[in-house]
Amino acid sequence: MSNPFRALPSITQLLEQPTLVGKRDRHPPEAITAAARAEVEALRTALAAGSSPNLDLAAIAERIAARLDLDALPTLRTVINATGIVLHTNLGRSPLHEEAARAAFEAGRAYCNLELDLATGKRSSRQDAVRAGIRAITGAESATAVNNCAAATVIVLRSLAAQREVIVSRGQLIEIGGSFRIPDIMAVSGAILREVGTTNITRLADYENAIGPNTAAIMRVHTSNYRVRGFTKSVDLPELVELGRKHNLAVIDDAGSGQAVDLAPFGLPGEPLVSTGVAAGADLVLFSGDKLLGGPQAGIIAGKAAHIAKIERDPLMRAFRLDKMTLAALEATLRLYRDPAKALRELPTLRMLTTPLEELQRRSEAFAERLRTLPEVMVELRADVAYVGGGSLPDVAVPTVVLAITVAGLSEADLAMKLRTGTPSVVGRVQDGKLLLDLRAVFPRQEDELLEAIQRAARRLDPTASEIALPL
Ligand SMILES: *Cc1c(COP(=O)(O)O)cnc(C)c1O
């Protein structure tokens with residue numbers, strides 16, 4: 001038997017193939033050679049495993065070309081979110097408002113007065129960019145912002161309660177996805193967790209009995225991603241504030257989702273408004289920038305000026321501080337809240353969450369009509385429910401409409417994979433043998449691209465590693 005590896009072409013032979021010659025204007029020679037080596041290596045492995053890959057020169061060159069195109073794509077790219085989950089942590093939570101995205105872009109591509117007071121020419125604080133906007137939505141005396149709410153919790157606990165006790169109800173020892181666990185965060189901060197009550201019942205007396213000479217603060221944590229139901233009792237913030245005042249303790253409110261306009265009238269009840277904690281008298285209120293606020297990833301700290309000043313002097317602030325692009329995006333997002341109706345109408349997160357069902361139904365019907373022009377695609381509309389995601393409103397099932405799609409000759413898992421790995425990438429939900437696409441979190445401007453992506457995925461009935469990678 002002859003040596004099967006003899007049939008493999010040389011790299012030089014491959015590089016002379018017209019397909020790859022045609023790539024020379026867009027890819028450096030090193031990249032073309034590296035892709036050719038990688039493909040030949042893959043073929044060698046396939047041969048060694050006993051399979052008989054297509055060794056036709058032109059076919060190999062095509063696969064090398066596909067590798068090159070895939071390499072040219074950034075790892076982080078746009079995804080069309082057809083999951084219906086508006087705050088999808090794996091898909092980057094809140095998309096930014098155009099003005100916020102543009103502010104980040106402008107801050108990034110030039111210099112800006114990040115820490116320079118233009119009037120005096122003196123050094124200023126980068127936090128000035130967002131302080132006023134946070135004060136406006138929370139009603140707090142002062143405010144600052146760090147990288148995310150996890151960082152906010154760490155720096156607040158460290159600055160107010162290092163080596164001292166912080167009382168937390170056992171019903172609020174939450175874990176938010178991505179290893180944010182209150183006990184662990186507390187340990188990292190150097191504060192000592194003093195758990196009180198039980199999972200379902202915590203009374204004011206439980207807090208009061210735990211107060212001792214080493215107590216520094218009481219913390220309330222919003223149970224963002226779950227609810228305790230049935231025989232339950234927890235202590236409201238105003239009562240904790242009263243207790244804190246009596247014993248001269250700081251009261252910290254980890255509010256989580258950062259709701260700045262009331263979404264309850266839109267069928268989304270249950271998240272605390274960021275102004276409620278401040279109004280109730282909490283010393284500090286913490287929340288995320290990229291959940292219901294609809295801004296960039298950030299951890300916002302609003303409250304008493306003296307506490308904020310102390311936090312900003314903490315050396316950890318240097319490690320947790322926001323960069324200029326995020327600050328610019330956050331400032332622009334906060335500015336939109338000057339007109340709450342405009343924020344509701346224009347902030348993508350809020351607009352998507354409050355889209356009326358009838359509007360979604362109309363959009364979905366129109367899109368289904370367009371899909372029906374594709375011969376391979378079968379589509380039906382279904383009523384379904386979706387969740388807000390991102391650790392917000394865990395028990396609110398938002399009624400929605402989905403397009404249930406099947407493609408002849410293609411499994412739903414294959415269809416989902418082709419859409420995920422296409423350009424642009426599309427992520428939906430696979431359920432009951434169908435691919436479900438929800439338009440709630442799809443921007444209307446993305447609908448044409450979505451249609452084309454489905455068309456491409458449906459047409460290519462013979463998936464190979466290189467084909468799925470071919471860009472438009
Ligand atoms: C989401 C959440 C956090 C973590 O916020 P990140 O911005 O993701 O770090 C902390 N606490 C609560 C109550 C939350 O809901």
Side-chain angles (χ1 to χ4, degrees), residues 85-96 130 134 138 143-158 166 168-189 191 193 217-228 234 236-237 240 251-260 263 268 270-274 276-278 280 282 284-303 311 316-317 319-323 326-327 329-330 333-334 349 353 387-396:
I85 299 166
V86 174
L87 293 178
H88 200 302
T89 299
N90 299 154
L91 299 181
R93 288 197 188 153
S94 269
L96 295 177
V130 294
I134 304 171
T138 57
T144 194
V146 292
N147 260 317
N148 49 35
C149 197
T153 314
V154 170
I155 198 165
V156 162
L157 289 170
R158 183 178 129 105
V166 178
V168 186
S169 159
R170 289 203 170 86
Q172 298 174 359
L173 294 177
I174 60 164
E175 167 166 337
I176 305 282
S179 54
F180 176 96
R181 287 180 157 192
I182 290 292
D184 299 345
I185 290 285
M186 193 79 81
V188 163
S189 76
L193 173 62
I218 300 171
M219 181 157 82
R220 185 190 76 148
V221 185
H222 178 56
T223 55
S224 294
N225 51 2
Y226 70 101
R227 296 284 184 260
V228 182
S234 61
D236 287 342
L237 199 55
L240 293 180
V251 174
I252 302 160
D253 178 27
D254 179 3
S257 69
Q259 178 180 224
L263 296 175
L268 302 165
E271 287 298 311
L273 273 170
V274 293
T276 313
V278 174
L284 292 171
V285 178
L286 326 180
F287 55 93
S288 299
D290 57 354
K291 293 184 182 171
L292 293 178
L293 190 70
Q297 182 190 302
I300 293 168
I301 309 172
I311 289 162
L316 260 195
M317 193 67 188
F320 287 174
R321 72 185 186 186
L322 290 172
D323 70 290
T326 307
L327 279 166
L330 184 56
T333 305
L334 291 164
T349 297
L353 284 173
Y387 290 85
V388 173
S392 305
L393 299 155
D395 55 353
V396 179

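If you're wondering where the values come from, they're calculated on a predicted model, not measured in any experiment. Read the numbers this way: they start at 1 and go in the same order the structure lists the ligands and their atoms. By convention here, the first residue in the shown sequence is residue 1.
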One should read off an interatomic distance between Leu237 CG and Thr276 OG1, to the nearest 0.5 angstrom, of 9.0 Å
Is the count of non-hydrogen atoms from other residues, nucleotides or ligands lying under 6.0 Å from Arg181 atom CZ greater than 12? no
Atom pair CG/CD1 of Asn90 and Ile85 - distance to nearest 0.5 Å: 9.0 Å
Residue contacts for ligand 1, heavy atom to ligand atom, distance under 4.0 Å: Arg93, Asn148, Cys149, Ala150, Ile174, Ile176, Phe180, His222, Ser224, Asp254, Gly256, Ser288, Lys291
Could you check Val156, Ile155, Val146 and say which one makes a side-chain contact (heavy atoms from CB on, under 4.5 Å) with Leu286? Val156
For a side-chain contact (heavy atoms from CB on, under 4.5 Å) with Ser392, tell me which candidate from Ser257, Ser288, Ser224 qualifies. Ser257
Any donor-acceptor pair under 3.5 Å from Gln297 side chain to Asn147 backbone: yes
